[in-house]
S.K.: 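Quick one: structure below, then a few questions.
Note that the coordinates shown come from a computational prediction; the quantities given were computed from them, not determined experimentally. Numbered from 1 within each chain, the chains take letters A, B, ... in sequence-line order. All heavy atoms count here, side chains included; hydrogens, waters and symmetry mates do not.
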There are 2 protein chains.
Amino acid sequence: MDRRTDRKIGIKDVSREAGVALSTVSHVLNGTAPISTEVRNRVLEAARRLGYLAKRQQKGAIASLSTVYLAVPPGNLPHNDINLVSWTLLTALSRECERRGTKVVAHAGAPELNAAEILAGAQAANAEGIILVYDDNPKLLRALAASGLAVILLNGEDPTMSVDTVAPANRFAARLATQWLLSRGHRRILHLTWRGRSTIMRRLDGFRDAYAEQNLPADLGRVLFAEGYEPDHARTALKRFIHQHGGLDGHTAVFCAADNLAIGALAELQEHGFQIPADIAVVGFDGVAPGDLTVPSLTTVRVPLDALAVSTLQALEQRLSLTGLDHPTCRIELGCRLIERDSANFTLRT
Amino acid sequence: MDRRTDRKIGIKDVSREAGVALSTVSHVLNGTAPISTEVRNRVLEAARRLGYLAKRQQKGAIASLSTVYLAVPPGNLPHNDINLVSWTLLTALSRECERRGTKVVAHAGAPELNAAEILAGAQAANAEGIILVYDDNPKLLRALAASGLAVILLNGEDPTMSVDTVAPANRFAARLATQWLLSRGHRRILHLTWRGRSTIMRRLDGFRDAYAEQNLPADLGRVLFAEGYEPDHARTALKRFIHQHGGLDGHTAVFCAADNLAIGALAELQEHGFQIPADIAVVGFDGVAPGDLTVPSLTTVRVPLDALAVSTLQALEQRLSLTGLDHPTCRIELGCRLIERDSANFTLRT
DNA sequence: CTGAAAGCGCTTACAG
DNA sequence: CTGAAAGCGCTTACAG
């Protein structure tokens with residue numbers, strides 16, 4: 001493999017690699033002549049290996065999006081918040097736009113997002129598409145969808161399926177993390193969450209799924225609601241819980257619906273003298289904070305923010321190219337991975 | 001708009017349509033020179049309108065899949081079953097493959113799908129990808145994923161997110177149908193379903209979501225499990241229910257998790273002398289049967305089978321082009337539409 | 001399926 | 001950003 005990635009790859013290279021005539025490659029790629037499947041496969045494999053197919057695909061996808069309009073509920077904007085997830089997601093989004101040469105215009109409107117304002121802003125910016133982040137107000141979504149512009153909801157749910165959405169596979173990821181704890185002997189797991197957007201409730205669904213899948217009594221998995229998703233909310237909720245039950249009430253693990261909560265949980269639990277993970281294991285959800293931010297380092301579910309940004313732009317272009325056709329709206333969920341660190345690195349004897 | 005779709009459209013046409021120089025169009029499409037957003041947008045819009053972008057995209061996507069290997073659990077094969085959904089889905093799939101010039105090789109193995117057999121078959125067929133339909137056995141999925149071949153699960157769930165999946169948005173669609181009934185005054189709705197694959201349980205989730213969303217007591221929405229998804233299973237289950245309760249126990253609507261069940265429900269309810277929809281409304285799920293197959297015609301949720309087939313092939317190609325990279329697996333759900341016919345065409349006075 | 005050759009469409013460099 | 005021009009890469013028709 002001494003191919004230089006800088007030299008441009010053409011069908012001549014593919015024909016040499018596959019050991020067939022130049023014209024044969026062309027015919028395979030365009031379906032303009034009947035070619036035996038054996039040769040056809042050889043050609044396609046060579047084209048794929050040399051990156052020719054990828055190059056060709058990129059050329060087809062390029063440049064259809066010149067400007068996107070980005071609307072984020074002000075409460076989730078990075079500057080007035082310690083929300084690292086928001087910040088990382090928006091960074092990934094703008095980096096991906098830059099890579100594609102797509103201009104991003106951010107919405108700056110009233111604190112409450114408003115369809116008319118967003119549409120006016122998008123029009124003024126000459127945007128072909130709108131990316132809405134987090135907000136899942138059905139009225140807003142429906143109004144935007146009715147405008148005929150291409151709209152994608154990122155990191156939110158639209159139960160009415162009026163617009164395309166891109167989000168992490170929250171339910172399945174939470175289920176996997178819970179299963180992982182169960183497989184290490186934990187039985188009484190506390191799910192620490194808050195009454196946030198519906199995507200957060202999907203993590204609760206997944207938590208319960210894991211118990212159901214193993215035919216374990218559902219009440220082994222208790223749910224504790226904090227007042228919000230900041231570390232202090234976690235501390236307050238846990239403090240009250242520990243006070244009420246005179247301890248952890250037999251729980252051996254806390255599965256938090258956000259890293260922010262997990263950070264607060266670590267602090268609060270340690271303040272009460274619990275050893276982590278020996279007395280109680282802690283698992284987070286998000287995976288944007290560096291591992292050594294906490295002591296012990298946090299085991300967590302990593303949400304693929306970069307891939308979410310890529311998929312969002314792809315979905316937007318896809319929708320744009322389908323303008324006019326009534327292709328159904330789609331919901332895309334991306335898989336998350338468990339990052340095993342110290343805060344849950346302990347197997348219970350069963 | 002007198003453009004002839006048969007004449008090939010080139011950038012010359014785009015430049016004329018947009019009123020700019022030929023070279024400008026090229027620069028816009030390739031990002032090879034800085035172009036003002038105003039001109040850029042004019043060019044892209046013209047390119048989109050003339051179908052040039054679509055043509056270019058198609059060229060990029062074409063021909064990367066030569067052969068797919070199709071594995072369907074034998075129980076779901078059309079020939080030994082009255083399962084119209086299966087039949088329609090597989091037809092849509094093979095039609096889409098034909099359109100793309102992709103060869104389909106069907107798996108013919110033991111009644112129980114087996115990873116080694118499937119992989120051997122796919123290899124023998126020189127297939128680049130595998131489409132698995134329905135089956136959601138986690139062991140099977142994991143084994144296939146580990147093989148390194150591109151794998152898509154169609155109409156199933158993979159909670160482990162080992163392989164990419166494409167499915168209808170079952171949960172949201174069931175929620176919408178239930179909301180629609182609730183909005184027409186129904187309060188006690190019976191959800192008639194069966195213990196099928198997990199995708200069917202998502203319809204139950206959606207049924208419950210609709211009650212929760214309106215803050216209605218969850219026990220207003222009762223669930224009745226039939227022994228299977230055939231019309232006779234529905235009849236048996238309903239017969240027993242009516243007998244036990246000496247009637248419909250206050251229910252004014254039956255929301256069935258499959259059209260097959262709805263067909264049985266219509267027959268059974270009418271046999272007991274109930275008027276449909278005046279005494280009880282019936283809603284199905286699938287939408288593959290013609291509307292006049294039943295009396296009265298069936299209101300149902302239409303699953304976009306053609307679009308599912310298109311998305312499946314797209315997802316497979318996408319995965320193929322990402323070979324090597326560790327892009328997370330994705331789950332794609334497509335929106336469904338409620339088809340309003342006579343069997344639920346009745347609004348209750350509230 | 002090959003290989004040489006003609007031709008087409010797009011890209012690119014450049015003066016205005 | 002235009003417009004004429006050179007050039008490149010791919011397509012296509014055809015004899016073998």
S.K.: Is A/E333 salt-bridged to A/R331, cutoff N-O under 4.0 Å?
M.R.: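 Yes.
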S.K.: Report, as yes or no, whether the 6.0 Å neighbourhood of atom CD on A/E45 holds more than 12 heavy atoms from other residues, nucleotides or ligands.
M.R.: no
S.K.: Side-chain donor-acceptor pairs under 3.5 Å in residues 140-148 of chain B, sequence neighbours left out?
M.R.:
from, atom 1, to, atom 2, distance (Å)
B/S147, OG, B/L144, O, 2.6
B/S147, OG, B/L149, N, 3.2

S.K.: Under a cut-off of 3.5 Å for both distances of each Watson-Crick or G-U pair, what dot-bracket string does DNA chain D give, using [ ] for crossing pairs and | for inter-strand pairs?
M.R.: |||.||||||||.|||
S.K.: Where does the chain A footprint on DNA chain C start and end, counting 5' to 3' with a 4.0 Å heavy-atom cut-off?
M.R.: C/dC1 to C/dT12
S.K.: Counting the atoms with a prime plus P, OP1 and OP2 as sugar-phosphate, which does B/S23 contact under 4.0 Å by heavy atoms, base, sugar-phosphate, or nothing?
M.R.: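 Base: the residue B/S23, judged by heavy atoms under 4.0 Å, touches a nucleobase.
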S.K.: Could you go through B/I152 and B/V163, starting from their C-alpha distance and side-chain angles, then the distance that decides it, and tell me whether this counts as side chain to side chain contact (heavy atoms under 4.5 Å, CB included)?
M.R.: CA-CA 6 Å; B/I152 306 280; B/V163 305; over 6 Å; no
S.K.: What residue pairs, at least two apart or across chains, pass salt bridge (Lys or Arg N to Asp or Glu O under 4.0 Å) with a residue in residues 160-169 of chain A?
M.R.: A/D164-A/R319
S.K.: With a non-hydrogen cut-off below 4.0 angstrom, is A/T32 in contact with a base, only sugar-phosphate, or nothing?
M.R.: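 Touches sugar-phosphate only.
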S.K.: Remember a base hit wins even if backbone is also touched, and classify B/V25 as base, sugar-phosphate or nothing at under 4.0 Å, heavy atoms.
M.R.: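 Here B/V25 touches no strand at all.
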S.K.: Check side chain to side chain contact (heavy atoms under 4.5 Å, CB included) between B/E98 and all other residues, then give those that pass, not counting sequence neighbours.
M.R.: none
S.K.: Specify the closest pair of heavy atoms between B/L334 and B/P304, including all atoms of both residues, with the distance to one decimal.
M.R.: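 Where B/L334 meets B/P304 most closely, the heavy atoms are CB-CG, 4.0 Å.
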S.K.: Can you list every salt bridge (Lys or Arg N to Asp or Glu O under 4.0 Å) pair that touches residues 86-95 of chain B, not counting sequence neighbours?
M.R.: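 Listed by first then second residue: B/R95-B/D306.
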